[in-house]
> 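Please find one structure pasted underneath; my questions will follow.
Throughout, numbering of the chain's residues begins at 1 and tracks the sequence. Just follow the structure's listing: the first ligand is 1, and inside any ligand the first atom is 1. Side-chain atoms are counted along with the backbone in the values below, which use heavy atoms only and exclude waters and symmetry mates.
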Amino acid sequence: MSLTYDHYKAMSDTLSPNGQAFIDGSFCDAVDGSTFTTINPATGETLGHVAHCKAADVNRAVAAARRSFNDGVWSRAEPSVRKEILLKLAGLVAEHHQELAVLESMDTGKTITDCLHEIGTEAPKFFQWYAELADKIFGKVAPSAEDALALIVREPVGVVGAVVPWNFPMLMAVWKMAPALAAGCSVVVKPAEQTPLTAIRLAELAQEAGIPDGVINVVPGYGETAGQAIGLHSDIDIVSFTGSTEVGRMFMRYAGDSNLKGIGLELGGKSPFIVLEDADINDDLIEHAVMSAFWNGGQNCSANMRQLIAEPLVDTFLERVCQRVKAFKLGDPLDPATDIGSMITEDHKRNVMNYIEQGSIEGAQMLMGGDIDMAGSFVLPTVFNGVTPKMRIAREEIFGPVLGVISVKNMEEALAVARDTDYGLHATVFTKDIDRAIHMARSLPCGTVSVNGFSEGDIQTPFGGYKQSGSLARDNGTEALDQYLQTKTIWITTKTQF
Ligand code: NAP
Ligand code: MG
């Protein structure tokens with residue numbers, strides 16, 4: 001059922017978001033009583049005051065998580081019990097998805113259409129998929145000699161710190177929580193300071209579903225306070241982090257400076273969209289090109305901003321791209337007709353605008369886009385031609401609606417330019433030649449290569465980065481579950497003579 005702008009506006013007027021932390025099954029203020037505000041970046045309006053958690057609050061949350069883990073209320077519960085509760089949570093998220101989507105849209109400036117998809121379709125699917133795996137985690141029996149029975153068992157890793165970004169606030173929290181909970185871990189989640197509201201509401205739904213006290217804790221706060229306290233906490237077993245490469249590095253240091261906790265990193269990217277000379281520049285290709293760059297206002301780790309186009313195709317490609325982009329509607333994110341919402345903050349808008357100015361200074365030609373004179377932190381979808389691989393806009397993650405075309409002579413040059421980056425998250429290749437497609441897919445050093453369509457894959461396929469886009473850990477797929485399990489050998493010496 002598709003609802004109207006008026007409906008979502010009316011819903012937004014009735015919401016009164018809860019900004020408290022959720023620790024050990026109860027909502028609470030920060031120990032020192034301090035708060036920060038979260039705003040709607042599309043309007044500048046303050047949405048509420050949020051508990052500003054610091055080390056003392058993280059200590060409380062970790063103690064609750066540890067107690068629940070050691071008690072075994074969740075970690076040693078029968079797997080089918082965990083499965084049933086997570087399935088119930090999937091149902092509750094689906095049931096409340098409109099309210100959650102409106103809350104998300106207001107807290108982030110993301111379009112209601114995207115929020116409804118992420119929260120109404122994706123989030124329940126994640127809880128359901130990992131719920132279904134909870135009672136299918138098998139161990140192994142090793143081929144030992146007859147005087148021993150050697151069991152290899154998989155156990156939940158313990159207390160998980162999940163530190164997540166603002167670009168997909170609820171979905172990123174769910175990407176961590178669903179497999180961690182299915183594995184039997186207890187979790188302390190720190191949402192980004194700009195977007196804490198949906199994770200807080202999710203904790204309430206998790207309690208309603210029957211997740212025991214202490215198993216899920218949410219500590220809103222700043223990176224330098226709550227985030228750092230999670231990184232340095234000696235009773236957290238692993239941290240699963242999604243965010244910038246710079247902060248990812250900090251988590252590696254935090255681990256070294258504390259208890260050598262495991263660190264799973266999903267970081268930034270500068271992903272190429274490659275069109276080889278044999279490809280047809282048709283509506284489908286253009287749709288993938290523009291969505292890969294402008295989906296979520298380009299605030300997407302896998303955004304394909306570097307578009308490497310075979311030289312003879314560049315003019316047609318750009319003409320078609322610009323034509324398509326002109327049809328994008330910027331506006332109130334709560335309006336289902338809006339295609340692109342606002343940037344996450346006014347500061348972030350300034351960063352994006354600086355990159356756009358930098359692109360022109362370095363000699364790229366801006367064909368359309370730039371600033372727009374409207375209230376809220378909006379940036380027009382921007383298209384550059386004549387980008388060269390050494391320009392800053394070709395090397396640094398912009399995290400805004402900027403598509404830059406680099407002209408390439410042939411497949412070898414496309415590959416060389418695509419590889420010339422510290423990142424390795426994603427790449428798209430368009431070609432009609434299956435041999436070239438396979439060669440490119442094998443040669444591109446990145447975690448996901450999508451061929452003849454921009455896609456991050458689906459829940460069944462692992463998602464993560466090569467090089468400085470991440471660690472060996474992967475979100476999604478059965479690989480995500482592996483992050484939250486550890487392996488134990490049980491060696492039983494057996495009698496052979498009776
Ligand atoms: P960020 O600045 O790295 O923040 C991510 C999280 O880390 C936030 O919760 C943040 O808290 C926290 N944090 C910041 N400074 C910290 C510190 N000193 N110690 C501990 N925690 C700290 O990233 P962002 O700007 O929110 O998100 C954008 C980045 O995420 C981009 O680089 C994007 O590519 C990446 N990303 C990657 C993936 C993926 O799957 N690979 C998916 C989505 C996004 P506060 O913000 O509250 O301070
Ligand atoms: Mg906000």
> Using the rule ring-ring contact (aromatic ring centres under 6.0 Å, His included), only one of Y466, F454, F463 pairs with H426; which is it?
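Option passing the ring-ring contact (aromatic ring centres under 6.0 Å, His included) with H426: F454.
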> Counting from 1, what ligand 1 atoms have a heavy atom of V163 closer than 4.0 Å?
6 (C), 7 (O), 9 (O), 12 (C)
> Counting C-beta onward and ignoring hydrogens, is there a side-chain heavy-atom pair between L403 and T382 closer than 4.5 Å?
no
> Tell me the protein heavy atom at minimum distance from atom 9 (O) of ligand 1, and give that distance in Å.
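Result: V164 O, 2.8 Å.
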> Between T108 and T195, is there a side-chain donor-acceptor contact under 3.5 Å, judged purely by atom types and distance?
no
> Is R474 salt-bridged to D482, going by a charged N under 4.0 Å from an acidic O?
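No, no charged N to carboxylate O under 4.0 Å.
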> Using a 4.0 Å cutoff against the non-hydrogen atoms of G227, which atoms of ligand 1 qualify?
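Answer for ligand 1: 20 (C), 21 (N).
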> When you measure from atom 19 (N) of ligand 1 to every protein heavy atom, which one gives the shortest distance, and what is it?
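Here the nearest protein heavy atom works out to Y254 OH, 2.7 Å.
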> Any non-hydrogen side-chain atom of M177 less than 4.5 Å from a side-chain atom of V160?
no
> Between F328 and R324, is there a cation-pi geometry (under 6.0 Å to ring centre, at most 45° from the normal)?
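Flagged: R324 positioned over aromatic ring of F328.
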> Report yes if some N/O of W166 lies less than 3.5 Å from some N/O of ligand 1; otherwise report no.
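N/O-N/O distance under 3.5 Å: yes.
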> Answer yes or no as to whether an N/O/S atom of I39 is found below 2.8 Å from the Mg ion (ligand 2).
yes
> What residue and atom, counting heavy atoms only, is the protein's closest point to atom 36 (N) of ligand 1, and at what distance?
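Going atom by atom, the protein heavy atom closest to atom 36 (N) of ligand 1 ends up being C301 CB, 3.4 Å.
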> Using the side-chain hydrogen bond (donor to acceptor under 3.5 Å, both in side chains) rule, take H348 and S377 through it: C-alpha gap first, then chi angles, then the decisive distance, then the call.
CA-CA 8 Å; H348 186 56; S377 308; over 6 Å; no
> Check for me whether K110 meets the cation-pi criterion with F168, that is, NZ or CZ under 6.0 Å from the six-membered ring centre and within 45 degrees of the ring axis.
yes
> Is it true that H233 and Y254 have ring centroids separated by less than 6.0 Å?
no
> Between ligand 1 and G221, can you find any atom pair, the residue atom being a heavy atom, that is separated by under 4.0 Å?
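Yes, G221 has heavy atoms under 4.0 Å from ligand 1.
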> Just to be sure I read this right, does ligand 1 sit under 4.0 Å from the backbone of E397, its side chain, both, or neither, counting only heavy atoms?
side chain
> Between L415 and S443, is there a side-chain heavy-atom distance shorter than 4.5 Å?
yes
> Parallel, tilted or perpendicular, judged at 30° and 60°: which one describes the rings of F430 and F273?
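Tilted, since the angle between the ring planes falls between 30° and 60°.
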> With a cutoff of 4.0 Å, is G465 in contact with ligand 1, counting heavy atoms of the residue only?
no
> What protein heavy atom sits nearest atom 45 (P) of ligand 1, and how far off is it?
E193 OE1, 3.1 Å
> Counting each atom of ligand 1 from 1 as listed, which ones have a heavy atom of Q194 under 4.0 Å away?
46 (O)
> Starting from atom 7 (O) of ligand 1, which protein heavy atom do you reach first, and at what distance in Å?
F241 CE1, 3.2 Å
> When the ring centroid of W175 is compared with that of F241, is the distance short of 6.0 Å?
no
> Look at D237 together with R66 and state whether they make a salt bridge at an N to O cut-off of under 4.0 Å.
yes
> Just let me know how M250 lines up against ligand 1, side chain, backbone, both or neither, with a heavy-atom cut-off below 4.0 Å.
side chain
> Compute the ring centroids of F36 and H49, then answer whether they are less than 6.0 Å apart.
no
> Quick check on contacts: which atoms of ligand 1 are under 4.0 angstrom from a heavy atom of T242?
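Listed by number with element: 5 (C), 36 (N), 37 (C), 38 (C), 39 (C), 40 (O), 42 (C), 43 (C), 44 (C).
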> Among all protein non-hydrogen atoms, which one is nearest to atom 27 (O) of ligand 1, and what is the separation to 0.1 Å?
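Of the protein heavy atoms, P165 CB, 3.4 Å lies nearest.
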> Answer side chain, backbone, both or neither: which part of F168 comes under 4.0 Å from ligand 1, heavy atoms only.
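Within the 4.0 Å criterion, F168 makes no contact with ligand 1.
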> Enumerate the atoms of ligand 1 whose separation from the nearest heavy atom of F251 is less than 4.0 angstrom.
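Listed by number with element: 20 (C), 21 (N).
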> Are any of the N/O atoms on Y222, whether in the backbone or the side chain, positioned under 3.5 angstrom from an N/O atom of ligand 1?
no
> For atom 4 (O) of ligand 1, state whether the nearest protein heavy atom is under 4.0 Å away.
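So atom 4 (O) of ligand 1 lacks protein heavy-atom neighbours under 4.0 Å.
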> For atom 35 (C) of ligand 1, which protein heavy atom lies nearest, and how many Å away is it?
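For this ligand atom, the closest protein heavy atom is G243 O, 3.1 Å.
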> Among all protein heavy atoms in this structure, tell me which lies nearest to atom 2 (O) of ligand 1, with the distance rounded to 0.1 Å.
S244 OG, 3.9 Å
> Kindly report the OG1-the Mg ion (ligand 2)-O angle for T38 and Q194 respectively, rounded to 10°.
70°
> Just heavy atoms, cut-off under 4.0 Å: does N167 contact ligand 1 by side chain, backbone, both, or neither?
side chain
